[in-house]
Amino acid sequence: MERIEQAMLAVPRADFLPPEYAEHAHIDAPLAIGHDQTNSQPTTVEIMLMLLGPRPGNKVLDVGSGSGWTTALLSELVGEKGYVWGVELVPDLVRMGQNNLKASGAKSAEIRQAHRRKLGLAEESPFDRILVSAEAKEIPAELVKQLAPGGTMVIPVAGTMHRLCLDVYGHATVSTHGQFRFVPLV
């Protein structure tokens with residue numbers, strides 16, 4: 001928890017919001033970033049990061065990176081020996097996220113263009129951690145296949161936050177952690 005709080009202080013949310021919303025960064029609510037997408041509520045991001053448990057040196061996938069804030073937070077948490085790949089579907093948000101990430105000085109992260117028919121980033125897998133910031137109808141098998149044995153994925157599914165952990169043999173255990181609202185995963 002302390003590492004996550006420190007990361008949230010080191011990576012100011014205001015730097016990842018459109019200028020007209022930056023003054024509202026302190027509000028614990030989702031804020032619009034354009035294209036019917038939002039920068040998630042800070043409390044929600046903190047809970048998701050606690051459930052995910054990113055560690056220094058981890059290889060992480062951030063699905064639905066939006067303005068790049070969660071990608072930058074994850075980069076801070078995995079450190080220079082880890083790496084974070086953010087993927088985003090909306091081209092304008094990909095550019096926004098890339099610019100924000102560069103301006104933040106994050107060295108161990110990048111944001112790539114996502115594709116509608118291809119979920120995640122299979123060519124860079126397996127990942128130690130996968131964070132999904134969009135709501136799925138069910139846990140996507142395509143993402144589970146990209147998770148390393150011993151890995152963890154956090155994803156909102158049908159309004160409920162899910163944490164999927166793979167053991168070293170690849171067997172999944174799923175737990176639920178409260179109700180949350182997100183934009184749909186497409």
- Message: Could you walk me through whether E5 and E46 satisfy the side-chain contact (heavy atoms from CB on, under 4.5 Å) test, starting with their C-alpha distance in whole Å, then the side-chain angles of each, then the deciding distance to 0.1 Å, before giving a yes or no?
- Response: CA-CA 8 Å; E5 289 173 357; E46 185 175 18; 3.5 Å; yes

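- If you chain together hydrophobic residues whose side chains sit under 4.5 Å apart, L17 and V94 never meet in one group.
- Of the listed residues (L49, V84, I4), just one forms a side-chain contact (heavy atoms from CB on, under 4.5 Å) with L73, and that residue is L49.
- Between G64 and S133, the closest heavy-atom pair is O-CB, 3.8 Å.
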- Message: Walk me through whether Q6 and E2 qualify under side-chain hydrogen bond (donor to acceptor under 3.5 Å, both in side chains).
- Response: CA-CA 6 Å; Q6 288 173 349; E2 186 177 321; 3.3 Å; yes

- Query: When you look at E110 and E124, which way does the side-chain contact (heavy atoms from CB on, under 4.5 Å) test go after all the steps?
  - Reply: CA-CA 12 Å; E110 65 184 82; E124 300 294 349; 5.9 Å; no

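- Using a 4.5 Å heavy-atom threshold, the side chains of V154 and H177 count as separate.
- Counting heavy atoms from C-beta outward, N39 and V45 have side chains that stay 4.5 Å or more apart.
- Closest heavy-atom contact between T71 and S65: OG1-CB, 3.3 Å.
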- Report the C-alpha distance between D128 and V78 in whole Å, list the side-chain angles of each, state the deciding distance to 0.1 Å, and finish with yes or no for side-chain contact (heavy atoms from CB on, under 4.5 Å). CA-CA 11 Å; D128 301 304; V78 302; over 6 Å; no

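- M153 is listed as a side-chain neighbour of I139, based on a closest heavy-atom distance under 4.5 Å.
- Listed here is the closest heavy atom pair of P156 and A134: CG-O, 3.4 Å.
- Side-chain contact between D28 and P42: present, with at least one pair of heavy atoms (C-beta onward) separated by less than 4.5 Å.
- Put simply, the side chain of F127 reaches to within 4.5 Å of the side chain of L121, judged on heavy atoms.
- By the 4.5 Å heavy-atom criterion applied to side chains, S125 and K145 are not counted as neighbours.
- Using a 4.5 Å heavy-atom threshold, the side chains of I33 and F16 count as separate.
- Side chains of S67 and N100: a donor-acceptor N/O pair is absent below 3.5 angstrom, by distance only.
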- Message: Using the rule given for side-chain contact (heavy atoms from CB on, under 4.5 Å), can you reason through S40 versus W69, listing the C-alpha separation, both sets of side-chain angles and the distance that settles it, and then say yes or no?
- Response: CA-CA 9 Å; S40 295; W69 187 45; 5.6 Å; no

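- In this structure, L164 and L143 have side chains that are not in contact, with every pair of non-hydrogen atoms separated by 4.5 Å or more.
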